[in-house]
Amino acid sequence: MPTPSPRAAETLLTTTVHSERDVFALRRYGRTAAEAVGLERQDQVRLATVLSELGRDLLRPEPMTARFTLADEHPRTLVVALDWDDGRGPSAESLAAVRRLFPQVGESRGSGSEGGGITVECPIPARTATPPGFAESVRANLRVAGAAETSTTEDLRAQTRDLMASLEEARSQREELQRLNLELEETNQGVLALYTELSTELEETNRGVVALYAELEDKSRLLREASESKTRFWSNVSHELRTPLNSVVGLSRLMLDPASAPLSAEQRRQVGLISSSGSMLLALVDELLDVAKAEAGRLEPRPARVDLAALLTQLRGIMLGTAPQGDAVAVIVPEVVEPALLLTDEVLLTRILRNLLSNALKFTRAGEVRLEVEQEAGGVVVFRVSDTGIGIPADQQERVFEEFYQVPGENQVKRPGTGLGLPYARRLAELMGGTLTLNSTPDRGTEVTLRLPPPDGEDGAVQRIPCLVAVDDDPVFHELFRPLLDGIAERVVPVHDGALVLAAVRRERPQGVVLDLQMPGTDGYAVLAQLAADPELRTVPVVVITAADPDEQDHSRLTHARAVLSKHGATARRLADALKQQPRARS
């Protein structure tokens with residue numbers, strides 16, 4: 001049964017095998033064909049050995065056909081096909097042995113006694129030239145091999161020589177492998193030594209990094225302590241200076257009051273100087289205190305709805321009263337603005353605008369100081385303070401935002417300043433999430449722009465909780481605060497006495513408690529301690545509200561509260577977010 005070949009092939013030799021001598025001839029043909037197509041010597045011996053093994057295993061009384069062909073497809077391949085007619089094929093042991101030598105061995109068997117076939121494929125190396133007469137050249141070599149008259153002894157000797165050559169080649173390869181293994185072992189030793197050296201260096205580097213990190217930690221701690229000390233110093237000095245300065249300013253105003261004893265013109269001038277100097281010092285103290293709070297992270301914006309028109313009206317009155325006397329400077333503040341309402345920190349915004357307007361008046365001899373307000377696309381509110389003053393050189397426009405820096409020049413002597421105004425205003429603007437920029441031209445004026453972003457979801461819908469307990473002893477404040485609480489809770493339970501809070505919380509099982517600190521009898525601190533001590537109630541979120549400054553409360557007694565908010569700056573969003581905060585760590 002011929003073995004089908006799917007590839008176009010050119011026949012090189014067809015022979016029959018039915019004796020031991022034919023097996024030797026088949027081996028010789030295989031060796032010759034392999035050599036003719038350019039296979040390596042080892043591959044030549046392998047092919048010859050495979051054909052010899054298959055020939056002996058398939059030797060039958062009926063002849064077997066061996067066909068050598070050259071397949072034309074790329075890559076060109078030498079194909080040896082063995083075909084037989086009976087149903088017996090090679091043994092499994094023989095087939096496994098030849099496949100170890102030559103994996104490209106294919107087998108096909110018929111059913112019953114239809115016979116079968118085996119093909120051995122040898123790809124021709126790419127380096128072998130295959131000109132048009134290549135197949136004929138291989139065929140000629142096979143004819144020469146078939147014409148050679150050899151005995152069985154000579155064939156055995158040739159087979160032995162091939163075996164010895166293969167053994168010698170295997171020995172050479174083994175020696176080469178041993179040499180390579182030795183080189184690899186030496187390389188591994190070098191790599192291990194290098195790895196050990198690198199590991200040592202890395203360990204030393206890590207120790208250095210750890211030491212450097214510890215040193216940096218110490219430096220950071222020292223810087224932090226220095227910053228805290230500076231903040232405490234500014235705070236203490238500011239507080240200590242504020243009282244006598246207030247006294248100086250108040251007494252000066254009393255002396256200048258028309259109802260007081262009359263003063264001479266010189267006395268009034270001197271007292272006026274005292275009053276203005278005291279006012280300037282008081283403003284400086286206030287700015288220093290706010291800067292210290294901002295650096296310590298204790299100055300926190302408290303957004304609330306602001307009537308912008310009312311704020312600007314108040315600001316207009318302040319500026320007209322503080323404008324230098326005798327200077328032809330018009331202070332222009334709009335009466336009607338859009339938006340009419342603004343959600344921001346009114347105190348911080350007033351301080352920024354007052355600072356910018358005062359700064360503009362200080363360095364404007366004639367002309368005008370103008371404040372403009374507009375709302376840009378996206379809800380950004382823009383405040384522009386422009387003047388027709390002396391201006392600032394281009395190379396100094398960023399330096400004016402450095403603390404205590406003043407632009408050099410003779411013009412500055414007539415309008416002295418502290419060098420804190422613009423840095424203070426920019427710091428407040430950044431705390432409010434906005435930006436403060438400056439654009440100026442010498443001798444033509446300056447424009448300072450404050451941009452405040454829209455509140456991030458402050459007016460958006462708040463997910464309401466089922467029940468909230470509101471604790472405050474002031475019924476009037478309850479009524480004013482009730483709409484805000486209704487915005488975050490489906491049901492609000494008012495409690496006017498601190499002694500009744502635990503019973504109300506245990507009865508209502510609320511999802512939050514809003515607690516006022518300043519109450520007679522059982523105050524907010526005591527209520528917090530009671531809630532924290534009760535295993536059933538300690539998980540109820542508590543937000544403390546106070547009419548005083550939240551930063552000045554005893555926070556060591558407020559660790560159970562989720563947050564401490566000012567009554568004046570509380571909003572539905574801030575309360576809702578505070579109730580969702582994680583409990584603060586116990587000190």
Side-chain angles (χ1 to χ4, degrees), residues 1-5 9-37 39 41 43-71 77-102 104-110 113-122 135-166:
M1 175 180 177
T3 302
S5 177
E10 187 173 357
T11 302
L12 302 174
L13 172 69
T14 301
T15 183
T16 58
V17 179
H18 56 80
S19 66
E20 188 72 25
R21 188 174 184 80
D22 294 336
V23 173
F24 283 113
L26 178 63
R27 175 187 175 85
R28 191 164 57 251
Y29 286 139
R31 174 68 181 274
T32 301
E35 184 180 3
V37 298
L39 295 182
R41 177 181 176 82
D43 290 334
Q44 298 172 18
V45 175
R46 286 167 56 206
L47 178 59
T49 304
V50 166
L51 295 178
S52 176
E53 177 65 25
L54 289 174
R56 285 190 176 86
D57 194 53
L58 293 169
L59 194 59
R60 304 286 188 272
E62 297 79 8
M64 176 179 60
T65 302
R67 184 172 64 254
F68 289 77
T69 58
L70 195 63
T77 305
L78 173 65
V79 181
V80 183
L82 303 179
D83 298 319
W84 59 91
D85 293 332
D86 61 9
R88 297 178 59 189
S91 64
E93 181 181 358
S94 177
L95 196 59
V98 299
R99 280 179 173 161
R100 282 198 299 271
L101 292 175
F102 235 100
Q104 300 92 339
V105 175
E107 179 187 14
S108 62
R109 292 196 185 187
S113 60
E114 291 184 4
I118 286 181
T119 58
V120 181
E121 298 183 359
C122 305
E136 183 58 36
S137 173
V138 177
R139 193 179 294 115
N141 287 333
L142 289 174
R143 283 198 297 267
V144 172
E149 292 292 337
T150 59
S151 63
T152 303
T153 302
E154 291 176 347
D155 285 333
L156 287 174
R157 286 177 178 173
Q159 186 173 353
T160 302
R161 284 195 298 271
D162 289 341
L163 179 59
M164 292 177 64
S166 297

Legend entry - Under the salt bridge (Lys or Arg N to Asp or Glu O under 4.0 Å) test, residues paired with Asp43 that sit two or more places apart: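 So Asp43 forms a salt bridge (Lys or Arg N to Asp or Glu O under 4.0 Å) with Arg46.
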
What's the separation between atom [atom1] in [X] and atom [atom2] in [Y], rounded to the nearest 0.5 Å?
X: Met64; Y: His18; atom1: CE; atom2: NE2; value: 10.5 Å
X: Leu51; Y: Leu58; atom1: CG; atom2: CG; value: 11.0 Å
X: Ile118; Y: Trp84; atom1: CD1; atom2: CH2; value: 4.0 Å
X: Arg67; Y: Thr11; atom1: CZ; atom2: OG1; value: 6.5 Å
X: Asp83; Y: Thr16; atom1: CG; atom2: OG1; value: 12.5 Å

Legend entry - Thr49: side-chain contact (heavy atoms from CB on, under 4.5 Å) partners, not counting sequence neighbours: Arg27, Val45, Leu101

Inset, instruction - Return the set of residues passing side-chain contact (heavy atoms from CB on, under 4.5 Å) with Glu53 (not counting sequence neighbours), or none when no residue passes. - result: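 Ser94, Val98.
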
For [X], which residues count as a side chain to side chain donor-acceptor pair (under 3.5 Å) partner, sequence neighbours excluded?
X: Gln44; answer: Arg31
X: Ser137; answer: none
X: Glu136; answer: Arg139, Arg143

Inset, instruction - Check whether any side-chain heavy atom of Phe68 lies under 4.5 Å from a side-chain heavy atom of Val79, and answer yes or no. - result: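 No, too far: nothing below the 4.5 Å cut-off.
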
Inset, instruction - Determine whether Val80 and Thr119 make a side-chain contact, defined as any pair of heavy atoms from C-beta on separated by less than 4.5 Å. - result: no

Heavy atoms only: give me the nearest [X]-[Y] pair and the separation to one decimal.
X: Ser52; Y: Val23; answer: O-CG1, 3.7 Å
X: Ala34; Y: Leu78; answer: N-CD2, 4.1 Å
X: Pro90; Y: Asp57; answer: CA-OD2, 2.9 Å
X: Leu26; Y: Gly55; answer: CD2-CA, 4.4 Å

Inset, instruction - For the pair Val17 and Leu59, evaluate side-chain contact (heavy atoms from CB on, under 4.5 Å) and give the outcome as yes or no after the intermediate values. - result: CA-CA 7 Å; Val17 179; Leu59 194 59; 4.2 Å; yes

Inset, instruction - Under the side-chain contact (heavy atoms from CB on, under 4.5 Å) rule, what do Leu82 and Leu54 come out as? Steps first, then yes or no, please. - result: CA-CA 9 Å; Leu82 303 179; Leu54 289 174; 3.9 Å; yes

Legend entry - Salt bridge present between Glu20 and Arg56 (N-O < 4.0 angstrom):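 Yes.
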
Inset, instruction - Evaluate the side-chain contact (heavy atoms from CB on, under 4.5 Å) criterion for residues Leu12 and Thr69: first the C-alpha distance (whole Å), next the side-chain angles of each, then the deciding distance (0.1 Å), finally the verdict. - result: CA-CA 5 Å; Leu12 302 174; Thr69 58; 5.6 Å; no

Inset, instruction - Starting from the C-alpha separation in whole Å, work towards a yes-or-no answer on side-chain contact (heavy atoms from CB on, under 4.5 Å) for Cys122 and Leu47. - result: CA-CA 8 Å; Cys122 305; Leu47 178 59; 3.7 Å; yes

